[in-house]
*Asks:* 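Quick one: the structure is below, and I'll ask about it shortly.
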Amino acid sequence: MPGLDLFGGPLQLVDDEEGGIRYWPGFVDGGEAAAWFDALRDGCDWRHQRRTMYERVVDVPRLQAWYPFDPASLQGLPAQLPLAAILVRIRAVVPGGYNSVGLNLYRDGRDSVAMHNDKLHMLLPGQPIALLSLGAPRRMNIRAKAGGHALGIDLQPGSLLAMSHASQLTHEHGIPKTTRPVPPRMSVVFRARPEQDAAADRRAAPAPAKGWR
DNA sequence: GAAGGTCAAGCGCA
DNA sequence: CTGCGCTTGACCTT
């Protein structure tokens, strides 16, 4: 386990040729993280999905929101949300052609995500995924698919986690449920998606009406 | 357009 | 106590 470096550099959690998985515990200060959390919690278009399992319809255990945007103009990011400010800060540390942001809200310890990796066909090769954590700390497990033990990391509010494209091939990650009482936690995840998918996103996303008939 | 992958809750196990 | 692996099935870039 690498030690915390005193000069603000990241902890290297996983190594590969594209930067592996890096973690900046104090990427932004607590006050800013708290302000962003409040604004996003109150202002995002949160969606609650359902899934069927064993003839029962169950709630997906988290709320989600998602915005595709143009990397140059930032069009697509709602102006009343601090997403553009967050993106600027993230790009300065983890450069990338981000064109989509997904948010997850884990309301309490019963909310979770199963171990998974991001779908590679939905990501541009070589481009990292950048994940900002806000709200309460939650444990994330990271495990090599090849086997071995899971690495647990408490994602602190204001922390940044950067995952290489290549690491999605070799590792999976998840947020387990916990019986401990925990306040809400939010992740803000920036990705660079292939243009054809990004275009489909723009079509699917709420857009100004422009019917021609 | 087809079809293989995903991922929910709960259980048993180590 | 906690993580993990197994199960079924509707849905498939939210």
Side-chain angles (χ1 to χ4, degrees), chain A residues 1 13-14 40-41 43-71 75-78 81 83 86-87 96-125 127-132 134 137-155 163 165 167-182 184-207:
Chain A
M1 183 75 171
L13 303 179
V14 171
L40 293 169
R41 178 200 55 207
C44 282
D45 176 26
W46 294 108
R47 300 183 183 196
H48 199 181
Q49 297 186 311
R50 290 170 167 278
R51 297 182 67 88
T52 304
M53 185 173 185
Y54 294 103
E55 301 178 339
R56 302 161 60 193
V57 177
V58 298
D59 292 332
V60 168
R62 76 198 96 98
L63 300 183
Q64 299 174 295
W66 161 79
Y67 303 95
F69 62 91
D70 179 83
Q75 188 161 24
L77 295 179
L81 299 177
L83 292 171
I86 294 173
L87 173 63
Y98 308 108
N99 59 8
S100 151
V101 58
L103 299 96
N104 295 291
L105 184 60
Y106 302 88
R107 296 157 292 180
D108 59 33
R110 293 169 295 183
D111 277 354
S112 62
V113 223
M115 294 296 283
H116 69 287
N117 59 267
D118 283 37
K119 313 291 162 283
L120 291 181
H121 71 273
M122 293 166 69
L123 300 169
L124 279 173
Q127 293 281 325
I129 299 157
L131 187 156
L132 175 73
L134 302 172
R138 282 292 290 267
R139 168 65 53 94
M140 171 180 276
N141 289 329
I142 300 173
R143 186 178 55 187
K145 293 184 189 178
H149 58 284
L151 166 65
I153 177 161
D154 288 311
L155 294 177
M163 297 188 285
H165 181 267
S167 72
Q168 297 307 299
L169 203 58
T170 56
H171 290 71
E172 52 185 3
H173 57 274
I175 306 282
K177 295 183 195 305
T178 174
T179 52
R180 282 180 23 245
V182 283
R185 179 241 172 196
M186 185 188 298
S187 64
V188 183
V189 188
F190 287 89
R191 297 181 176 86
R193 311 191 54 214
E195 179 49 33
Q196 61 181 46
D197 295 330
D201 288 349
R202 276 180 236 115
R203 268 179 266 119

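Throughout, protein chains are lettered first and strands after them, A, B, ... in sequence-line order, and every chain is numbered starting at 1.
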*Asks:* Look at atom CZ of A:Arg110 and say whether more than 12 heavy atoms of other residues, nucleotides or ligands are closer to it than 6.0 Å.
*Replies:* no
*Asks:* Exactly one of A:Leu134, A:Val189, A:Val188, A:Leu81 should register a side-chain contact (heavy atoms from CB on, under 4.5 Å) with A:Leu103. Which one does?
*Replies:* A:Val188
*Asks:* Do any N or O atoms of the protein come closer than 3.5 Å to N or O atoms of nucleotides 1-4 of chain C, and which pairs are they?
*Replies:*
residue : atom : partner  : partner atom : Å
C:dC4   : O5'  : A:Arg143 : NH1          : 3.4

*Asks:* With a 4.5 Å heavy-atom cut-off, do A:His173 and A:Met140 have their side chains touching?
*Replies:* yes
*Asks:* Which residue lies toward the 5' end of DNA chain C, A:Gln64 or A:Met53, if each is placed at its nearest nucleotide?
*Replies:* A:Met53
*Asks:* Heavy atoms under 4.0 Å, any strand shown: does A:Arg62 hit a base, just sugar-phosphate, or nothing?
*Replies:* sugar-phosphate
*Asks:* For residues A:Asp118 and A:Gln168, report the shortest heavy-atom separation together with the two atoms involved.
*Replies:* N-OE1, 2.8 Å
*Asks:* Can you check whether A:Ile129 reaches A:Phe190 side chain to side chain, under 4.5 Å on heavy atoms?
*Replies:* no
*Asks:* Reading DNA chain B 5' to 3', which nucleotide is the first, and which the last, to come under 4.0 Å of any heavy atom in chain A?
*Replies:* B:dT6 to B:dA9
*Asks:* Could you go step by step and tell me if A:Asp111 and A:Arg62 meet the salt bridge (Lys or Arg N to Asp or Glu O under 4.0 Å) rule?
*Replies:* CA-CA 5 Å; A:Asp111 277 354; A:Arg62 76 198 96 98; over 6 Å; no
*Asks:* Among A:Asn99, A:Leu123, A:Leu131, which one satisfies side-chain contact (heavy atoms from CB on, under 4.5 Å) with A:Arg191?
*Replies:* A:Leu123
*Asks:* Say you pick atom C1' in B:dG1 and the same atom in C:dT14; how far apart are they, in whole Å?
*Replies:* 23 Å
*Asks:* Who passes side-chain hydrogen bond (donor to acceptor under 3.5 Å, both in side chains) against A:Arg138, sequence neighbours left out?
*Replies:* none
*Asks:* Which residues pass the side-chain hydrogen bond (donor to acceptor under 3.5 Å, both in side chains) test with A:Asn141, sequence neighbours left out?
*Replies:* none
*Asks:* Could you summarise the pairing of DNA chain B as dot-bracket text, marking Watson-Crick and G-U pairs under 3.5 Å with ( ) or [ ] inside the strand and | across strands?
*Replies:* ...|||||||||||
*Asks:* Test of understanding: with side-chain hydrogen bond (donor to acceptor under 3.5 Å, both in side chains), list the residues that count as partners of A:Thr52, not counting sequence neighbours.
*Replies:* none
